Amino acid sequence: MVTRRRLPRAFFERPTLQVARQVLGQRLVRLEPEGGRLAGLIVEAEAYVGSEDLGCHARAGRTARNASMWGPPGHAYVYFTYGMHWMLNLVTEREGFPAAVLVRALLPTEGVEVMRRRRRGRPERELTDGPAKICQALAIDRELDGHDLCNPDSRLFLEAGPGVPEQAVTTGPRVGLNSVAEPWKSIPWRFQVRPEYIPSLAEEEQTP
DNA sequence: AGCACGATTAACT
DNA sequence: GTTAATCGTGCTC
């Protein structure tokens, strides 16, 4: 049974590690201007926590690019990197403290054909299995940086999904921090749904 | 004004 | 396993 309760700001206004864990199995929804609805269950996320975290963009202080991370929780922090890719983060904790959860992978559930077109005909398993792929499939870019995910009129938001039990979650070091100093490089702030659990997630998501 | 680099991806050996 | 693609950003001169 697919329910459509939007996650409230209180969900995001918590310690970032909790949000990164709890966001697994929740539904990311993108409403298209034409009226279409794209959605997927979050199956991988990472926590980036404060200016002390040398893996976090906030390490160098507040800049025009990372300003959204200092803003209120429940907003999007969308940034551009590698000259071609956009990344979606969910801002967490209290306003004034820079922290966010990077959404790294989704199980696509609604609007798959639209996603496939945006992803240039790639197979379904490659539609949203990376942070930049998600932004491509869901048409997320700079326009959505700072966007309030909890506003009722928002075209990008989270809905309460089935969630995942503890035994279905694995943790490990965050990806792509190759030149970052320890302990930040190896600290296990990456949260993933175990691949073998994903079929049952997909099953729970089906509408009777 | 110039420059090194990046929370990645796709293609290739 | 390796590497090119591609450019906004933030730092230095």
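Atoms considered below: every heavy atom in the structure, side chains included; atoms not considered: hydrogens, waters and symmetry mates. Being a predicted model, the structure only gives us computed values, none of them experimental. Chain letters run A, B, ... following the sequence lines, proteins first, then strands; residues in each count from 1.
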Q. Counting only side-chain N and O atoms of Lys133(A), is one of them less than 4.0 Å from OP1 or OP2 of dA10(B)?
A. yes
(Q) Mind checking if Met84(A) touches a base, just sugar-phosphate, or nothing, with heavy atoms under 4.0 Å? (A) base
Q. Any luck finding a side-chain donor-acceptor pair between His75(A) and Ser68(A) under 3.5 Å?
A. no
Q. Which one, dA7(B), dA10(B), dT8(B), comes nearest to the side chain of Tyr77(A)?
A. dA7(B)
Q: Please determine, for the side chain of Ala64(A), which listed nucleotide (dG8(C), dG10(C), dA7(B)) has the closest atom?
A: dG10(C)
Q | N/O (side chain, His85(A)) to phosphate O (OP1/OP2, dG6(B)) under 4.0 Å | A | no
Q. Counting just side-chain N and O atoms, does Arg104(A) come under 4.0 Å of either OP1 or OP2 of dT8(B)?
A. yes
Q | Arg62(A) side chain near dG10(C) phosphate (N/O to OP1/OP2, under 4.0 Å) | A | no
Q | Sugar-phosphate, base or nothing in reach of Leu177(A), heavy atoms under 4.0 Å | A | sugar-phosphate
Q. Would Arg21(A) count as a cation-pi partner of Phe191(A), with NZ or CZ less than 6.0 Å from the six-membered ring centre and within 45° of the ring normal?
A. no
Q. Would Arg142(A) count as a cation-pi partner of Phe80(A), with NZ or CZ less than 6.0 Å from the six-membered ring centre and within 45° of the ring normal?
A. no
Q. So what does Arg65(A) touch, heavy atoms closer than 4.0 Å: a base, only the sugar-phosphate, or nothing?
A. sugar-phosphate
Q) On DNA chain C, nearest-nucleotide positions of Tyr82(A) versus Arg142(A): which is more 5'? A) Tyr82(A)
Q.
Is it the case that dA7(B) (base atoms only) and Tyr79(A) (side chain only) share a donor and an acceptor within less than 3.5 Å, ignoring hydrogens and angles?
A. yes
Q | Under-4.0 Å side-chain N/O to phosphate OP1/OP2 contact, Arg122(A) with dA10(B) | A | yes
Q: In plain terms, say whether Glu110(A) and Arg37(A) are close enough for a salt bridge, that is, a side-chain N and a carboxylate O under 4.0 Å apart.
A: yes
Q. Do Tyr79(A) and His57(A) make the cut of ring centroids closer than 6.0 angstrom?
A. yes
Q: Scan Arg120(A) against the nucleic acid and name what it touches under 4.0 Å (heavy atoms): base, sugar-phosphate only, or nothing.
A: nothing
Q) Does Ser179(A) have a side-chain nitrogen or oxygen under 4.0 Å from the phosphate oxygens OP1 or OP2 of dC5(B)? A) no
(Q) What's Gly55(A) touching, base or sugar-phosphate or nothing? Going by heavy atoms closer than 4.0 Å. (A) base
